[in-house]
Engineer: 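Got a structure here, written out as structure tokens. Questions coming.
Hydrogens, waters and symmetry mates are skipped; everything else that's a heavy atom, side chains included, is used. Residue numbers start from 1 in every chain, and the chains themselves are labelled A, B, ... in the order their sequence lines are given, proteins ahead of strands.
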Amino acid sequence: MSELITPQTLKGFRDYLPTAMLVREKLTDIARQVYRSYGFSPIDTPALEYANILLGKGGDESDKQLFRFIDSGERDVALRFDLTVPFARFAAEHSAELGVPFKRYHLGLVWRGEKPQKGRYREFMQCDFDTIGTTSNAADIETLLVIHDLLVKIGFERFTIRVNNRLVLNGLLDKLGLTGQTAGVLRALDKLAKIGRDGVIGEMTEKVGTTAEQAASVLDLAGLKGSNTEILDRLESLLVGSEIGLLGVSRLRELCQVAVTAGVPEERVQLDVSIARGLDYYTGTIYETFLTDLPGIGSVCSGGRYDNLAALFTKEKLPGVGASLGLDRLLAAMEELGLVAQTSTPAQVLVVCFDGDRIGDYCRIGRVLRQSGISTEVFPDAKKVGQQFKYADRKGFRIALVAGSNEFAKGVWQVKDLKSTQQAEVPEADLVSHIQGILAQSI
RNA sequence: GUGGCUAUAGCUCAGUUGGUUAGAGCGCCAGAUUGUGGAUCUGGAGGUCGCGGGUUCGAGCCCCGUUAGCCACCCCA
């Protein structure tokens, strides 16, 4: 007698049941579709990298969160904690074959050994897209458009993409004499929404070492209110004499204007000087996307511009801009907002097994429907019709097909729309078009 | 990584100051005179109370450890 092993998943790792997986796949399909529609090409990289490729790229914090071990060949290896660092390695390794500009998307799992919470897991999926090899603001603008289209396609209407530019922040900090402390100041500033004005001042004076006056000035600048244009005008006057600061302002100004011209509703793009992003490698435009109905879950799609993605791997300069959709965080949000469908089958039609001797006919009609792109499941047992209908209903089938001796004699099928409860007797020749008609009616 | 809260049926929970065979709702399975589901009614299955140790005559309830979930910090998708 052997002891039973407790079936359990690792802390922060999860199983996905069909209901959850169907939604996940729907989102990844949408992401692929949107990325490809802008000309981004797919790539993939290994889950494991040499540890030295990944170490030191996201600061001490991400080093501590690495799943790192020695493999059986004595190699020091680690699981990737994002898709950007592997992309840097990839770009350096293959730059000669890629040509510029190079646009890629990459959907993949990443791993971080941090403490799990709602919407934060140790294994989660990121959906990245980046454009490298150009410093043009057009790429920054396109990044904004992709983020926007992505959320709209997924079904969100109420969200804002907050944008900022590191150049503006750096220019402002230079003017205040805080050039050397940018990282700490930005990190504190990034928490404004969470810990409030006094909290940020406290952190800046105690942990970063600024004076209270400097901290207050930073906050005044970061807290600028008004329309995007008003903020930009104000920043412009504050940054007189700072070349980089003014460059940042002009890039942001163009970003905001062009987004509107391109058809993005104005209220969805919000200039916010307090958005700083924790990651050190951003140098230009910064994006963070918040759901209006659930801001507390954090940014669901973030990114920015970097001057030199692969500086540690190659002497070639590879500037770029991109962003990452946090699929699992977005799913956690959708679940909390009640936006996830409860179906647990990918099929649309269930063929009821009414007569066990007619399995051949049921399988045949299934193939006919599939050839027209209608996914169809044939019930395997000649159970009571009521039970089969119940099964169809629970799993979320849209249509049930029934045929017994009466129907076979007439060459027809009973087609029941499980949603409207309408049933029709349809000649086999018209079956495909009839079903397509039902499926075309809303969701 | 630091600090805290929680852990009882598939899910959401009840279980009185430790006291005999641990409950409910929902869900699941099966029926309600054998060709139609989401309603109602009837019946049924399902728990060694997360796991391991300890205290006690006796532990779901107290103590310690462990695993997992959640919350705050940290950081971030």
Engineer: Do Arg80(A) side-chain atoms and Thr45(A) backbone N/O form a donor-acceptor pair below 3.5 Å?
Structural biologist: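 Pair found, side chain donor or acceptor close to backbone of Thr45(A).
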
Engineer: Which nucleotide, in any strand shown, forms a Watson-Crick or G-U wobble pair with rC5(B), with both distances under 3.5 Å?
Structural biologist: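 Check on rC5(B): paired to rG69(B), both distances under 3.5 Å.
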
Engineer: On RNA chain B, does the nearest nucleotide to Arg14(A) precede the nearest nucleotide to Phe124(A) from the 5' side, or the other way round? Give the residue.
Structural biologist: Arg14(A)

Engineer: For atom C1', what is the distance between rG47(B) and rC11(B), given to the nearest Å?
Structural biologist: 14 Å

Engineer: Round to the nearest Å and state the distance from Lys390(A) atom NZ to rA39(B) atom P.
Structural biologist: 8 Å

Engineer: With no angle test and no hydrogens, is the base of rA77(B) tied to the side chain of Arg120(A) by a donor-acceptor pair under 3.5 Å?
Structural biologist: no

Engineer: In whole angstrom, give the distance that lies between atom CD1 of Ile154(A) and atom C1' of rA77(B).
Structural biologist: 13 Å

Engineer: Where the side chain of Val385(A) is defined as all heavy atoms beyond and including C-beta, which of rU36(B), rC71(B), rG37(B) is the nearest nucleotide?
Structural biologist: rU36(B)

Engineer: Counting only N and O atoms by type, is there a donor-acceptor contact under 3.5 Å from the side chain of Tyr362(A) to the main-chain atoms of Asp355(A)?
Structural biologist: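 Judged by distance alone, yes, a pair lies under 3.5 Å.
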
Engineer: Does Arg75(A) pair with Asp71(A) as a salt bridge, N-O distance under 4.0 Å?
Structural biologist: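 Between Asp71(A) and Arg75(A) there is a salt bridge, with a charged N closer than 4.0 Å to a carboxylate O.
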
Engineer: Say you pick atom C1' in rA45(B) and the same atom in rA30(B); how far apart are they, in whole Å?
Structural biologist: 10 Å

Engineer: Run Glu114(A) and Arg122(A) through salt bridge (Lys or Arg N to Asp or Glu O under 4.0 Å) and show every step you take.
Structural biologist: CA-CA 6 Å; Glu114(A) 65 176 338; Arg122(A) 299 182 117 171; over 6 Å; no

Engineer: Classify the nucleic acid contact of Gln414(A) as base, sugar-phosphate or nothing, counting any heavy atom under 4.0 Å across all strands shown.
Structural biologist: base

Engineer: With a 3.5 angstrom cut-off on both distances, give the Watson-Crick or G-U wobble partner of rC26(B), or none if there isn't one.
Structural biologist: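 Check on rC26(B): paired to rG10(B), both distances under 3.5 Å.
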
Engineer: Rounded to whole Å, please give me the gap between CD in Gln126(A) and P in rA77(B).
Structural biologist: 7 Å

Engineer: How far does the P atom of rC57(B) sit from the matching atom of rU12(B), given to the nearest Å?
Structural biologist: 38 Å

Engineer: Roughly, in whole Å, what's the span from NZ in Lys383(A) to P in rU36(B)?
Structural biologist: 16 Å

Engineer: In the structure shown, which nucleotide is the Watson-Crick or G-U wobble counterpart of rU17(B), with both distances under 3.5 Å?
Structural biologist: none

Engineer: Any idea which of rC75(B), rU36(B), rA77(B) is nearest the Lys416(A) side chain?
Structural biologist: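 Within the option list, the nearest is rU36(B).
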
Engineer: Tell me what Gly113(A) touches on the nucleic acid: a base, only sugar-phosphate, or nothing, going by heavy atoms under 4.0 Å.
Structural biologist: nothing

Engineer: What nucleic acid atoms does Glu407(A) come within less than 4.0 Å of, heavy atoms only: base, sugar-phosphate, or nothing?
Structural biologist: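 Result for Glu407(A) = base.
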
Engineer: Do Arg162(A) and Tyr287(A) form a cation-pi contact, if we require the NZ or CZ to be under 6.0 Å from the six-membered ring centre and within 45 degrees of the ring's axis?
Structural biologist: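 Geometry flag: not set, cation outside 6.0 Å or 45°.
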
Engineer: Rounded to whole angstroms, how far apart are OH on Tyr391(A) and C1' on rC28(B)?
Structural biologist: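 In whole Å, rC28(B) C1' and Tyr391(A) OH are 15 Å from each other.
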
Engineer: If rG31(B) has a Watson-Crick or G-U wobble mate with both distances under 3.5 Å, name it; if not, just say none.
Structural biologist: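 rC41(B) - that is the nucleotide pairing with rG31(B), both distances being under 3.5 Å.
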
Engineer: Using a cut-off of 4.0 Å on non-hydrogen atoms, how would the nucleic acid contact of Arg394(A) be classed: base, sugar-phosphate, or nothing?
Structural biologist: sugar-phosphate

Engineer: Which part of the nucleic acid, if any, lies within contact of Lys395(A), taking any heavy atom under 4.0 Å across all strands shown: a base, the sugar-phosphate backbone alone, or nothing?
Structural biologist: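 It contacts nothing in the nucleic acid.
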
Engineer: With hydrogens left out and only the distance checked, is there a donor-acceptor pair under 3.5 Å joining Glu114(A)'s side chain and the base of rA77(B)?
Structural biologist: yes

Engineer: Relative to Tyr121(A), does Arg14(A) satisfy both conditions: NZ or CZ under 6.0 angstrom from the six-membered ring centre, and within 45 degrees of the ring's axis?
Structural biologist: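 Yes.
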
Engineer: Please state the P separation for the pair rC71(B) and rG60(B) - nearest whole angstrom.
Structural biologist: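 Looking at atom P only, rC71(B) and rG60(B) are 30 Å apart.
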
Engineer: Only one of Asp44(A), Asp130(A), Asp128(A) passes side-chain hydrogen bond (donor to acceptor under 3.5 Å, both in side chains) with His106(A); say which it is.
Structural biologist: Asp44(A)

Engineer: Ignoring hydrogens and angles, are the base of rC76(B) and the side chain of Arg329(A) linked by a donor-acceptor pair under 3.5 Å?
Structural biologist: yes

Engineer: OP1 or OP2 of rG31(B) sitting under 4.0 Å from any side-chain N/O of Gln387(A)?
Structural biologist: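 Yes, Gln387(A) has a side-chain N/O under 4.0 Å of OP1/OP2 on rG31(B).
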
Engineer: Using heavy atoms to find the nearest nucleotide of RNA chain B for Phe354(A) and Asp328(A) separately, return the residue whose nucleotide is more 5′.
Structural biologist: Phe354(A)

Engineer: For Asp393(A) and rA39(B), what is the distance between atoms CG and P respectively, to the nearest whole Å?
Structural biologist: 8 Å

Engineer: Of the candidate nucleotides rG38(B), rC76(B), rC70(B), which contains the atom at the shortest distance from the side chain of Arg112(A)?
Structural biologist: rC76(B)

Engineer: Between rG65(B) and rU2(B), how many Å separate the two P atoms, rounded to a whole number?
Structural biologist: 14 Å

Engineer: What integer distance in Å separates Asp355(A):CG from rG35(B):C1'?
Structural biologist: 11 Å

Engineer: State the pairing partner of rC75(B); accept Watson-Crick or G-U wobble contacts with both distances under 3.5 Å, and report none otherwise.
Structural biologist: none

Engineer: So, is Gln117(A) close to the rC70(B) phosphate, meaning a side-chain N or O under 4.0 Å from OP1 or OP2?
Structural biologist: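 So the side-chain polar atoms of Gln117(A) never come under 4.0 Å of the phosphate oxygens OP1 or OP2 of rC70(B).
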
Engineer: Provide the distance between the two C1' atoms, one in rU16(B) and one in rC61(B), to the nearest whole Å.
Structural biologist: 11 Å

Engineer: With rounding to whole Å, what would you report as the distance between rG27(B) and rC41(B) at their P atoms?
Structural biologist: 11 Å

Engineer: Answer yes or no: is there a donor N or O on one side and an acceptor on the other, between the side chain of Thr289(A) and the main chain of Cys301(A), under 3.5 Å?
Structural biologist: yes

Engineer: Regarding rG69(B), can its base be found pairing with the side chain of Lys11(A) as donor and acceptor, where the two atoms are less than 3.5 Å apart?
Structural biologist: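 Result: no qualifying N/O pair found.
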
Engineer: Any N or O donor-acceptor pair linking the side chain of Lys384(A) to the base of rU36(B) at under 3.5 Å?
Structural biologist: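 No such pair is found, so the answer is no.
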
Engineer: Atom CD of Glu123(A) and atom C1' of rA77(B): how far apart are they, to the nearest Å?
Structural biologist: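 Atom-to-atom, Glu123(A) to rA77(B), this comes out as 14 Å.
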
Engineer: In whole angstrom, give me the gap between the C1' atoms of rG46(B) and rG10(B).
Structural biologist: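 The same atom, C1', in both gives a distance of 9 Å.
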
Engineer: Return the pairing partner of rA59(B) with a 3.5 Å limit on both distances, Watson-Crick or G-U wobble; otherwise return none.
Structural biologist: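 Across all strands, not a single nucleotide pairs with rA59(B).
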
